Enquirer: 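Quick one: this structure, given as structure tokens, is what I'll be asking you about.
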Amino acid sequence: MSRFIRPYGDTMNDGKVQLSFTLPVENNAHGEACAKAYAETLKIHDVAVVHAETLSEEYTFFVVYGTASEQLDPSTIKATEVESDVMDKAEIEAFIEKNFNRTLTFIGASTGTDAHTVGIDAIMNMKGYSGHYGLERYKHINAINLGSQVDNEALLEAAIEHQADVILISQTVTQKDVHIQNLTAFIELLEAENKRDDFIVIIGGARISHHLAKELGYDAGFGPKKFAFHVASFAVQALLEKEKNV
Amino acid sequence: MSRFIRPYGDTMNDGKVQLSFTLPVENNAHGEACAKAYAETLKIHDVAVVHAETLSEEYTFFVVYGTASEQLDPSTIKATEVESDVMDKAEIEAFIEKNFNRTLTFIGASTGTDAHTVGIDAIMNMKGYSGHYGLERYKHINAINLGSQVDNEALLEAAIEHQADVILISQTVTQKDVHIQNLTAFIELLEAENKRDDFIVIIGGARISHHLAKELGYDAGFGPKKFAFHVASFAVQALLEKEKNV
Amino acid sequence: MKLILDYNIVEACRKDAEIIASQIQTMIDQHSTVAVERTILRMLGIDGVNEFDIPYVNVVVDHIKSTADIRKGVAYYLAKVIEKENLTPQAIAEAISKKTINLADYDSPEKPNIELLTPHLETTEAQIRAQKATRKQWQKETQFPEKYVIVATGNIYEDIEQAISAAKKGADIIAVIRTTGQSLLDYVPHGATTEGFGGTYATQENFRLMRKALDEVSKTENRYIKLVNYASGLCMPEIAAMGAIERLDMMLNDSLYGIIFRDINMKRTFVDQYFSRVISAYAEITINTGEDNYLTTSDAFDHAHTVIASQFINEQFAKKASMPETLMGLGHAYEIDPNLENSFSYEIAQAQLSRQLFPNAPLKYMPPTKHMTGDIFQGTMQNTLFNIASVITQQNIHLLGMLTEAIHTPFMSDRAIALNNANYMYKAFKDFAATIDIKEGSLIDQRAKTVLNEAKQLLDTIREEGLFKTLEKGTFAGVSRKETQGKGLDGVFKKANVYQNPVIDRMLASLKEGTS
Amino acid sequence: MKLILDYNIVEACRKDAEIIASQIQTMIDQHSTVAVERTILRMLGIDGVNEFDIPYVNVVVDHIKSTADIRKGVAYYLAKVIEKENLTPQAIAEAISKKTINLADYDSPEKPNIELLTPHLETTEAQIRAQKATRKQWQKETQFPEKYVIVATGNIYEDIEQAISAAKKGADIIAVIRTTGQSLLDYVPHGATTEGFGGTYATQENFRLMRKALDEVSKTENRYIKLVNYASGLCMPEIAAMGAIERLDMMLNDSLYGIIFRDINMKRTFVDQYFSRVISAYAEITINTGEDNYLTTSDAFDHAHTVIASQFINEQFAKKASMPETLMGLGHAYEIDPNLENSFSYEIAQAQLSRQLFPNAPLKYMPPTKHMTGDIFQGTMQNTLFNIASVITQQNIHLLGMLTEAIHTPFMSDRAIALNNANYMYKAFKDFAATIDIKEGSLIDQRAKTVLNEAKQLLDTIREEGLFKTLEKGTFAGVSRKETQGKGLDGVFKKANVYQNPVIDRMLASLKEGTS
Ligand code: B12
Ligand code: B12
Ligand SMILES: Cc1ncc(COP(=O)(O)O)c(C=O)c1O
Ligand SMILES: Cc1ncc(COP(=O)(O)O)c(C=O)c1O
């Protein structure tokens with residue numbers, strides 16, 4: 001069903017939005033007028049600059065409320081979502097038992113200079129996160145967590161050495177798109193070594209989405225509020241699919 | 001000098017903005033995708049939906065960061081500002097002494113059903129506001145504050161009766177533009193009675209700008225952080241101007 | 001955490017306040033108002049509007065005012081008509097509207113047979129009792145403190161959407177803010193409405209619609225959600241009656257607010273208030289008083305004692321109306337200037353003082369409003385401090401502060417943020433008050449004592465001069481009002497000898513017997 | 001507001017920690033590292049990079065490692081060369097780079113005349129003393145608590161813009177966060193840099209540029225603005241020396257952080273840390289330890305005692321380096337889970353415990369990070385509670401929490417909001433702590449006692465097993481590290497008999513005499 005929506009303040013489709021931004025202008029009437037004009041370039045009208053704060057002589061922070069008249073038909077919006085069924089731990093274990101004649105190896109790391117391990121640990125370690133056990137606790141899964149600051153080269157080497165089925169990469173630092181550079185380099189490395197088809201490769205992190213993963217050439221991407229069972233559900237199904245196609 | 005600016009996060013012209021809004025969508029991947037798409041209609045790219053909160057089954061609140069690539073040349077932006085010189089209390093008193101042979105009468109009210117008096121009191125009453133005395137304390141000014149909930153008709157009547165030079169109107173409640181309706185009605189009343197040129201008419205309130213005042217046909221408008229001396233500075237100069245033109 | 005107070009001073013305050021209220025009560029007992037009379041008509045079952053959209057209760061009262069003798073009261077006339085014509089009150093009202101009956105014709109020296117009204121009153125009373133029973137069934141689920149939010153879209157249907165969202169986010173109480181200006185109307189609008197400014201019309205149909213929606217969400221949330229409106233302005237007792245009938249749970253009800261902020265005549269509203277409090281007591285509706293508003297115009301530090309003094313007076317006014325302390329939602333507010341050094345400590349002194357002075361009252365604690373600005377982040381911090389103060393001084397009716405207070409009436413999301421804020425503070429500070437003592441002689445201790453002493457002095461003065469004089473002097477909120485001015489004075493009249501208000505008599509009797 | 005503690009337990013903790021630190025100190029005294037040697041070279045005035053952008057200090061040390069005997073130390077070789085060639089240290093380094101000198105040629109059985117290095121060291125020491133004098137002139141203006149914010153744009157010039165804005169909004173301390181990965185570089189990059197990720201390279205030129213900008217803003221603001229960087233990673237003591245020379249005022253400096261979170265070899269970093277703390281003590285630079293980081297991976301409630309135990313150990317490590325308590329910025333953090341009931345009370349117990357255990361230390365208190373989410377409004381509330389906790393437990397170095405912690409390194413506006421938040425809480429809660437007592441037996445009291453007892457037990461265990469074993473067991477932050485693994489181990493060597501570190505000797509002597 002197609003319908004058009006706008007933001008909602010207190011009346012359907014009133015279009016109310018809040019913005020805040022800093023402009024390199026002085027905090028005076030002219031600066032406020034610039035803030036208003038800038039909000040208007042973003043298709044906001046009836047702009048109220050409700051707060052202007054001096055950050056230094058040449059920078060002012062503004063809080064703005066206004067009305068956005070653009071509309072959106074939600075039925076035209078597709079979320080790029082991981083498409084496999086979500087199973088729980090027991091179901092995944094049964095699935096492996098049924099479909100594979102072996103233990104599956106998942107190898108993971110936080111790569112590059114990224115020292116954040118909490119995310120990858122959440123997925124891989126025994127304890128898990130938020131009450132969801134990590135892969136280490138799954139029957140028929142051999143989970144190898146290389147920790148953090150692992151070079152792309154070292155990760156690939158280890159994956160080959162352990163005959164991994166699935167590679168898991170965590171990236172947390174995203175400033176200046178350092179994660180994109182790092183993730184792109186890994187895919188290029190895989191391709192250069194002619195190994196892209198040897199593994200299911202999954203990425204994750206606070207700013208990682210499935211959409212981004214697909215764009216970069218990965219099999220899947222998982223962001224916040226995703227746990228081991230989400231990741232394993234996808235991985236085992238994707239593996240089966242892959243092995244069928246061989 | 002013309003230069004182009006964008007919002008500033010941590011690097012000149014990086015275009016970083018923060019938005020928040022509610023959409024009538026469910027809080028799930030599709031809802032987030034809608035939020036992202038909506039932000040994109042507002043010319044924001046690299047949208048990160050950093051927070052999604054369920055308000056009820058069909059409404060979700062989003063906090064979004066992204067990059068606005070529109071740019072603005074501040075030199076093209078003109079702030080509608082009250083153009084008179086700003087004088088202090090003593091200067092205003094001297095100005096009246098020099099230019100008028102009489103005490104000037106200012107009559108003010110919070111009109112319609114508006115019961116907010118703090119704003120008009122801030123301008124008119126002895127005590128003033130934020131350390132700036134109100135008009136009542138000015139030599140050569142007769143300040144008559146009719147208080148709140150004053151009908152447009154009653155205000156005009158009183159202004160005529162007291163031979164007011166200046167009419168001051170305060171409007172605080174702005175929901176559904178009730179202040180615009182009320183202020184438009186007063187100008188229409190003045191014109192219907194052929195009295196528009198008998199007074200300098202000034203409006204004020206938290207959401208009143210000089211820009212709005214001019215649009216509605218008033219002589220000036222004053223918002224937050226404007227005090228009696230601002231208002232009186234404008235009024236006495238405008239009065240002099242008016243009397244010269246007669 | 002307790003303040004060590006001199007309870008002799010507290011007792012003296014109560015005594016002063018009792019004398020002050022008694023002085024006014026003498027005046028109240030001698031007068032009635034058009035609003036009181038319309039309320040009696042509503043209790044008799046008269047409802048609806050005529051072809052000119054004028055409520056029948058107004059039609060009847062206006063008719064008596066213009067053609068008969070209002071000083072005798074509506075009960076007098078209706079009893080007479082019923083005796084003669086055997087018509088229902090509604091039919092009488094309709095007949096008056098159609099000008100087929102003239103009440104002046106029923107004026108006669110005989111005493112009216114007021115008992116004839118009893119069956120009609122009983123019908124309404126039964127309805128109110130049923131509502132009380134329904135509320136009681138839920139009440140066990142009610143938790144303290146109660147998180148109170150407002151909806152104010154101007155449109156009852158949007159209000160409902162907003163209220164449901166708020167309830168689902170944890171709100172316990174929903175107040176439908178009234179459109180600006182309704183309090184100055186000398187009638188209650190009729191039907192569902194969608195066009196208010198800064199609030200929604202209080203109409204019986206709107207009450208019903210919202211109560212229905214809240215009953216539904218109460219069921220899904222398995223938690224009773226209370227509904228609030230305003231028994232204030234020129235229709236104060238009528239709205240109290242409507243609320244009793246439609247099961248509102250709380251009513252803003254404070255003459256002093258109307259006098260000071262709405263320029264309503266003091267005699268009018270004191271008389272109206274007395275009746276509305278009797279009704280609310282009968283219907284077990286909690287009232288909210290408006291002392292918090294003083295601090296929106298006067299400085300919260302300098303005028304802290306005016307709030308305390310006014311709470312004492314409001315308490316006595318409520319007692320005169322046979323209201324139990326458990327229904328007295330006395331008001332105060334976190335309006336302390338955030339630029340003041342030690343603002344939090346001063347506020348704790350004040351909030352804890354109110355708490356200890358009125359231990360059985362479900363205190364209503366208002367959030368920062370006056371010092372809120374367009375800086376929504378700063379506003380969030382102000383609301384956080386307020387929430388902390390509310391938890392650690394154990395306030396009951398906790399009005400949530402909106403980060404956009406200085407900008408607009410709340411958006412749905414503003415309310416959600418406010419609820420998150422309060423929920424977080426409840427959790428984080430749960431037992432904090434129990435882990436600390438206030439040192440004697442400390443800033444908080446001394447501040448509380450100073451405020452109490454100042455309140456005592458003020459009450460002494462008011463007792464001596466009388467409340468009318470105090471209001472003229474502008475003691476509360478710096479606003480001066482005269483006994484002989486203000487809106488609605490022409491609706492006040494001295495009762496004739498034959499005057500009777502069977503509603504009040506029955507309710508008071510029932511309250512005294514404890515059978516209500 | 002004070003906790004009533006058993007100071008016998010406190011003393012026992014200190015004694016345990018002293019033993020633990022002494023065990024490590026034995027190892028430290030027998031070893032040096034490539035970073036230590038490079039630091040000596042820097043103190044001798046060697047600066048700059050060669051045509052391959054390799055710092056001359058690295059050129060020299062690498063040369064010795066590959067062609068001569070690093071176990072004798074750089075001082076040995078330089079003294080020998082100077083004796084023979086009468087070259088400046090810088091000239092020697094350049095000659096080595098050009099391969100016109102081979103230090104192996106200067107190896108000989110005679111004792112080196114280390115005194116020949118003295119004039120060069122004196123030049124650098126004079127520079128450091130001048131910087132101390134400059135700082136002292138300002139210091140009187142310094143106020144406590146100090147509001148500490150980070151800049152982390154990756155570009156030193158943008159960092160400066162951000163720092164100036166922060167200083168103008170009231171920040172007292174500016175930390176330039178270091179680019180991700182620098183700590184793993186075994187050299188210090190050179191020159192002004194504009195390309196970091198999540199932070200900016202620590203280079204001497206960047207230090208200089210920022211110090212200059214802050215000196216200017218200190219003048220306009222009439223308040224000394226302190227500068228912070230990281231003496232951590234594989235170049236720990238070099239950066240400490242650079243900081244001393246360029247008048248940094250504070251340095252993050254904690255081996256345990258590097259071991260646990262950067263997988264740096266423990267022997268390497270303990271040796272490096274000792275030297276860097278001596279330098280910082282000499283230069284009167286406050287160090288910041290990293291206990292707060294433990295709670296980013298371990299739960300703040302369950303592992304509270306690990307923070308306390310580590311603070312005791314860090315205190316003793318600093319004492320071994322002759323550092324006065326007034327320079328020991330021991331770390332802890334408000335990482336308590338906001339979903340925990342009574343989170344605020346538990347946190348107060350913890351923060352006040354640190355405060356009382358280390359009364360003379362300028363404690364470094366870190367804001368919520370782990371439990372921050374994309375909900376910037378909720379984040380504002382979390383930061384508000386943190387700020388309140390900081391004020392009422394009188395923390396000194398108060399790192400401001402950013403509402404966008406979970407999203408990006410701070411924008412200029414994020415920092416301004418953080419400063420407003422802290423300023424507001426300082427004012428509102430100024431004397432709050434003085435007005436309350438913590439009840440004995442209350443939640444806060446009991447919690448503090450429990451944590452102290454647990455810390456004592458942990459210290460007992462560590463004393464018995466040794467710190468190496470403790471680190472292997474993963475006691476801190478749940479991360480396990482082995483003595484024989486980790487980055488930088490190949491840069492550690494046993495000192496030869498002839499080994500001398502004249503920098504450390506001179507500095508310790510001066511610190512002991514109190515003439516530094
Ligand atoms: C803890 C933490 C640290 C700890 C890390 C300890 C450790 N052993 O991991 C310490 C203190 C060491 C640290 C250091 C630094 N940090 Co840090 N840190 C954080 C913090 C507070 C929490 C991160 C976290 O643990 N989240 C909890 C986990 C469970 O969430 P998650 O990672 O998103 O994981 C979930 C999903 O994303 C997914 N997932 C994650 N990985 C993977 C992988 C796969 C394969 C899959 C399928 C799923 C998956 O599953 C998880 C469970 O749902 C964040 C701020 C914040 N509140 O987010 C900053 C933050 C991430 N840090 C940041 C920075 C800049 C740094 C430093 C670089 C700063 C510096 N210059 O010194 C340093 C150095 C570290 C480095 N080089 O990487 C920035 C990153 C900014 C940006 N967007 O680029 C942040 C956002 C803080 C900030 N605002 O500045 N940090
Ligand atoms: C105090 C207050 C009240 C008090 C008023 C007491 C009184 N005697 O004035 C009380 C409690 C009575 C009250 C009631 C209501 N209020 Co009120 N109230 C406020 C509050 C908290 C502060 C307003 C204030 O005093 N500001 C301080 C003054 C000094 O600022 P100011 O008015 O902007 O004035 C300055 C300038 O604008 C200028 N100025 C103002 N007037 C004039 C006139 C002239 C001629 C000139 C030159 C300059 C000038 O000079 C002043 C000094 O710089 C605001 C929220 C907020 N924090 O802003 C809500 C607010 C204004 N109230 C609001 C509402 C809706 C109401 C009610 C209608 C709610 C209801 N339905 O019951 C009621 C009824 C009142 C009515 N019908 O008007 C809304 C308005 C929403 C909107 N934008 O439409 C607000 C924004 C709160 C909210 N978020 O919902 N309120
Ligand atoms: C006690 C009380 N009554 C009434 C009102 C407002 O309603 P009105 O002016 O519409 O009666 C308020 C508003 O805050 C109030 O506090
Ligand atoms: C004590 C300490 N040292 C160092 C660092 C980080 O710097 P790096 O990993 O770049 O050495 C931190 C980061 O929080 C820290 O707390």
Side-chain angles (χ1 to χ4, degrees), chain C residues 1 336-349 371 373 375-389 391-392 403-404 413-414 416-418 420-448, chain D residues 1 336-349 371 373 375-389 391-392 403-404 413-414 416-418 420-448:
Chain C
M1 195 184 91
I336 194 102
D337 186 345
N339 291 313
L340 187 70
E341 211 159 69
N342 286 313
S343 62
F344 186 79
S345 300
Y346 289 127
E347 182 61 30
I348 288 294
H371 294 288
T373 67
D375 184 349
I376 53 177
F377 302 102
Q378 168 81 13
T380 301
M381 302 165 206
Q382 289 165 259
N383 287 330
T384 299
L385 295 200
F386 161 68
N387 289 335
I388 297 170
V391 186
I392 71 183
L403 80 171
T404 52
S413 55
D414 299 338
I417 294 168
N420 288 347
N421 195 331
N423 290 338
Y424 179 15
M425 298 312 131
Y426 282 132
K427 232 181 182 172
F429 285 84
K430 186 163 174 289
D431 300 304
F432 186 76
T435 72
I436 61 168
D437 275 328
I438 296 170
K439 286 192 200 169
E440 265 208 83
S442 70
L443 194 97
I444 294 179
D445 177 67
Q446 294 198 321
R447 172 67 185 162
Chain D
M1 193 184 91
I336 193 101
D337 186 345
N339 292 313
L340 186 70
E341 211 160 70
N342 285 314
S343 62
F344 185 79
S345 300
Y346 289 127
E347 181 61 31
I348 289 293
H371 294 289
T373 66
D375 183 350
I376 55 177
F377 301 103
Q378 168 82 13
T380 301
M381 300 164 207
Q382 288 165 259
N383 288 330
T384 299
L385 295 200
F386 162 67
N387 289 335
I388 296 170
V391 185
I392 72 181
L403 78 170
T404 52
S413 54
D414 298 338
I417 293 169
N420 289 346
N421 196 331
N423 291 337
Y424 178 16
M425 296 313 131
Y426 283 132
K427 234 182 181 170
F429 284 84
K430 187 163 175 289
D431 301 304
F432 186 74
T435 72
I436 61 169
D437 275 328
I438 296 170
K439 287 192 199 168
E440 266 207 83
S442 69
L443 192 97
I444 295 180
D445 177 66
Q446 293 198 320
R447 171 69 184 161

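Every chain is numbered from 1, with letters handed out A, B, ... down the list of sequences. Source: prediction; values computed, not measured.
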Enquirer: If you look at every heavy atom in D/Y424 and C/P338, which pair is closest and at what distance?
Expert: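 Reported closest heavy-atom pair: CE1-CB, 3.5 Å.
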
Enquirer: Most heavy-atom pairs under 4.5 angstrom with chain D, which of C/E440, C/Q446, C/Q378?
Expert: C/Q378

Enquirer: Picking from C/E347, C/M381, C/M425, which has the most non-hydrogen pairs under 4.5 angstrom with chain D?
Expert: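 Of C/E347, C/M381, C/M425, C/M381 has the most heavy-atom pairs under 4.5 Å with chain D.
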
Enquirer: Taking distance alone, no hydrogens or angles, what donor-acceptor pairs closer than 3.5 Å link side-chain atoms of residues 430-439 of chain C to residues at least two apart or in another chain?
Expert:
residue, atom, partner, partner atom, Å
C/D431, OD2, D/N342, ND2, 2.7
C/T435, OG1, C/F432, O, 2.8
C/K439, NZ, D/A434, O, 3.4

Enquirer: Applying side-chain contact (heavy atoms from CB on, under 4.5 Å), run through C/L340 and C/Y346 and close with a yes or a no.
Expert: CA-CA 9 Å; C/L340 187 70; C/Y346 289 127; 3.8 Å; yes

Enquirer: Which one of C/I336, C/D375, C/I444 has the most heavy-atom pairs closer than 4.5 Å to chain D?
Expert: C/I444

Enquirer: Please state whether the side chain, the backbone, both or neither of D/N383 comes within less than 4.5 Å of a heavy atom of chain C.
Expert: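 Neither part.
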
Enquirer: Are the side chain of D/T380 and the backbone N or O of D/I376 linked by a donor-acceptor pair below 3.5 Å?
Expert: yes

Enquirer: Identify which part of D/S345 has an atom lying under 4.5 Å from any heavy atom of chain C, answering side chain, backbone, both or neither.
Expert: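 Both the backbone and the side chain of D/S345 come within 4.5 Å of chain C.
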
Enquirer: Distance from C/T404 atom OG1 to C/I417 atom CD1, nearest 0.5 Å?
Expert: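 Rounded to the nearest 0.5 Å, the OG1-CD1 separation comes to 8.0 Å.
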
Enquirer: If I measure from the heavy atoms of chain C, does D/F429 come under 4.5 Å with its side chain, its backbone, both, or neither?
Expert: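 Its backbone and side chain both get close to chain C.
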
Enquirer: Side chains of D/N421 and D/N387: any donor to acceptor distance under 3.5 Å?
Expert: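 Short answer, yes.
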
Enquirer: Under the side chain to side chain donor-acceptor pair (under 3.5 Å) rule, collect the residues that match up with C/Y426, sequence neighbours excluded.
Expert: C/H398

Enquirer: Check each atom of C/Q382 against the heavy atoms of chain D and say whether the ones under 4.5 Å are side chain, backbone, both or neither.
Expert: both

Enquirer: Looking at chain D, which one of C/N339, C/N420, C/L385, C/T384 has the largest number of heavy-atom pairs inside 4.5 Å, strictly under?
Expert: C/L385

Enquirer: Which atoms of D/M1 come close to chain C, meaning under 4.5 Å heavy atom to heavy atom: side chain ones, backbone ones, both, or neither?
Expert: backbone

